[in-house]
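Please read the structure below before turning to the comments.
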Number of protein chains: 2
Amino acid sequence: MDIAHRTTDQQTPAEQRRRELLEAADRVVLRDGPKASMNAIAAEAGITKPILYRHFGDKGGLYRALATRHTDALLDALRAALDAPADRRRRVESTLDTYLASIEAMPQVYRFLMHPAEEPHQNEQGFDVGRHSAPLLRRMGEELGQVIAERVDLGPAAEAQARIWGHGIVGMMHAAGDWWLGERPCSRAELVRSLADLLWGRLAEADDRADGPGF
Amino acid sequence: MDIAHRTTDQQTPAEQRRRELLEAADRVVLRDGPKASMNAIAAEAGITKPILYRHFGDKGGLYRALATRHTDALLDALRAALDAPADRRRRVESTLDTYLASIEAMPQVYRFLMHPAEEPHQNEQGFDVGRHSAPLLRRMGEELGQVIAERVDLGPAAEAQARIWGHGIVGMMHAAGDWWLGERPCSRAELVRSLADLLWGRLAEADDRADGPGF
DNA sequence: GCAGTATGTTACTTGCGGTAACACCAGTCT
DNA sequence: AGACTGGTGTTACCGCAAGTAACATACTGC
């Protein structure tokens with residue numbers, strides 16, 4: 001038995017193989033998009049389908065393994081930005097920038113993680129199943145942005161700012177609503193109040209806790 | 001020709017038929033979730049597949065038509081809340097509440113619009129977001145919520161507030177990032193600055209425009 | 001009668017996820 | 001040595017869903 005060796009060698013053969021398969025899958029998915037089939041992935045890895053299923057169970061398992069690698073990296077980067085020594089405002093900006101820089105640097109990975117079910121076949125007019133949410137959120141964001149631009153005096157660069165805020169506020173509403181609908185951690189009124197408070201700048205007003213480095 | 005009649009009757013037979021089909025599709029989709037097959041929808045409508053394809057082109061067309069009906073209703077409700085005569089804070093709360101009440105009242109519709117590719121039971125073609133990207137957003141939201149709870153002094157009901165803010169801020173970042181990545185309307189630095197400004201309460205500070213009713 | 005168009009059908013193709021069933025090839029136990 | 005075991009690999013198949021002919025039947029206007 002060379003298990004002792006393996007631990008020093010850092011990898012059992014199965015894990016090694018699994019990593020190779022994941023890397024092949026990664027290549028295919030980032031090249032062909034989410035429509036990549038198990039057959040294509042297997043071919044890229046130089047093997048055939050059943051082996052993939054032995055390693056990952058089903059397609060969801062493969063996806064999960066694939067997603068985990070990328071999300072862990074992103075989360076680590078975000079935690080680092082969030083923990084850096086600086087004042088709160090700077091930390092917030094740094095975290096935002098880290099996230100945006102990540103998705104900017106690897107847009108294929110981002111689209112794979114966030115919009116997996118796109119473009120099933122190349123027709124004109126790229127709408128398809130799974131894209132419904134995006135149009136709705138986009139429309140809400142754009143409309144809110146226009147309302148803000150029309151009614152709020154934001155000084156210079158007002159339009160750009162208003163659109164950003166529109167999409168940001170809509171996203172805030174959507175994500176909080178989605179989470180709340182699933183977990184029901186509080187009443188609707190409380191949720192509304194908290195979100196409105198957030199928009200009203202209580203994040204800036206709140207004091208740091210006495211025992212921490214502040215946020 | 002009875003086109004004159006049709007215009008007074010408001011509907012040509014084709015449109016009438018289309019509406020019936022859409023209603024049948026709606027029933028099936030809201031009952032079976034997004035995994036509803038074209039066959040099932042056709043059966044519910046009392047006909048067979050090719051007719052659906054003649055009316056809607058492909059499955060995406062059907063879903064799009066279906067989604068449009070619901071999103072239009074939601075957008076109308078939101079616009080009404082946004083336009084109601086009241087001060088800005090009240091209007092914001094009212095809009096948030098309208099949205100949340102809507103998704104609370106019709107969760108099946110909401111899940112269809114926002115999480116089209118869910119329902120774990122067997123056989124999901126293409127990769128699935130709901131299972132994996134949602135986890136990413138949820139994890140980010142929860143972690144941020146914890147960080148806020150640990151470091152910011154929010155007074156009573158701090159934990160609940162912190163979690164809400166965590167998810168809300170993450171959602172804001174995600175939606176704004178997604179939109180920005182697609183349209184590139186400004187530099188990354190501008191986006192970061194605008195979002196941080198939003199979190200810093202500039203929405204509350206800004207004055208109303210002179211020519212409007214205010215937001 | 002005859003062309004045109006809308007409505008409907010059955011029967012098919014294509015492609016996917018997923019699964020048997022079998023084959024090969026280490027090492028291991030007796 | 002020879003049977004046992006576990007991992008790697010294969011071919012060939014199932015079931016199911018999207019999408020598409022090709023054909024059949026009405027109803028219209030000329």
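Side-chain atoms are counted along with the backbone in the values below, which use heavy atoms only and exclude waters and symmetry mates. Proteins get letters first, then strands, A, B, ... in listed order; numbering begins at 1 in each.
- If you measure from atom CZ of F56(B) to atom P of dT20(D), you get 16 Å, rounded to the nearest angstrom.
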List, with names and distances, any nitrogen or oxygen atoms from the protein found under 3.5 Å away from nitrogen or oxygen atoms belonging to nucleotides 9-13 of chain C.
residue: dT9(C); atom: OP2; partner: T48(B); partner atom: N; Å: 2.8
residue: dT9(C); atom: OP2; partner: T48(B); partner atom: OG1; Å: 2.3

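- Within the structure, a side-chain polar atom (N or O) of R17(A) is placed less than 4.0 Å from OP1 or OP2 of dG9(D).
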| query | Is there a salt bridge (charged side-chain N to carboxylate O under 4.0 Å, His left out) between D58(B) and R64(B) once you walk through the steps? | reply | CA-CA 10 Å; D58(B) 62 352; R64(B) 200 156 51 239; 5.0 Å; no

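- Checked for salt-bridge contact, R18(A) and E23(A) miss the test: no charged N lies under 4.0 Å from a carboxylate O.
- The distance from atom CG of N39(A) to atom P of dA12(D) is 14 Å, rounded to the nearest whole Å.
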Salt bridge (charged side-chain N to carboxylate O under 4.0 Å, His left out) evaluation trace for E143(A) with R138(A): CA-CA 8 Å; E143(A) 294 206 19; R138(A) 290 290 171 91; over 6 Å; no

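- The overall bend of the helix from dG1(C)-dC30(D) to dT30(C)-dA1(D), read as the angle between its terminal helix axes built from five base pairs each, is 20° when rounded to 10 degrees.
- For the pair R184(A) and W180(A), the cation-pi test (distance below 6.0 Å, angle within 45°) is passed.
- Scanning for side-chain hydrogen bond (donor to acceptor under 3.5 Å, both in side chains) contacts around Q146(B) gives an empty result, with sequence neighbours left out.
- Atom CG in L21(A) sits roughly 15 Å away from atom P in dG7(D) (whole-Å rounding).
- In this structure, D58(B) atom CG and dA17(D) atom P are separated by 17 Å, rounded to whole Å.
- Comment: D197(A) engages R89(B) in a salt bridge, judged by a side-chain N to carboxylate O separation of less than 4.0 angstrom.
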| message | For R90(B) and D97(B): C-alpha separation, side-chain torsions, deciding distance, then whether salt bridge (charged side-chain N to carboxylate O under 4.0 Å, His left out) applies. | response | CA-CA 10 Å; R90(B) 217 176 280 282; D97(B) 193 62; over 6 Å; no

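- Atom-to-atom, CD of E20(A) to C1' of dT8(D) comes out at 13 Å; the value is rounded to the nearest Å.
- From M106(A), atom CE reaches atom CG of L30(A) across 7.0 Å, with rounding to the nearest 0.5 Å.
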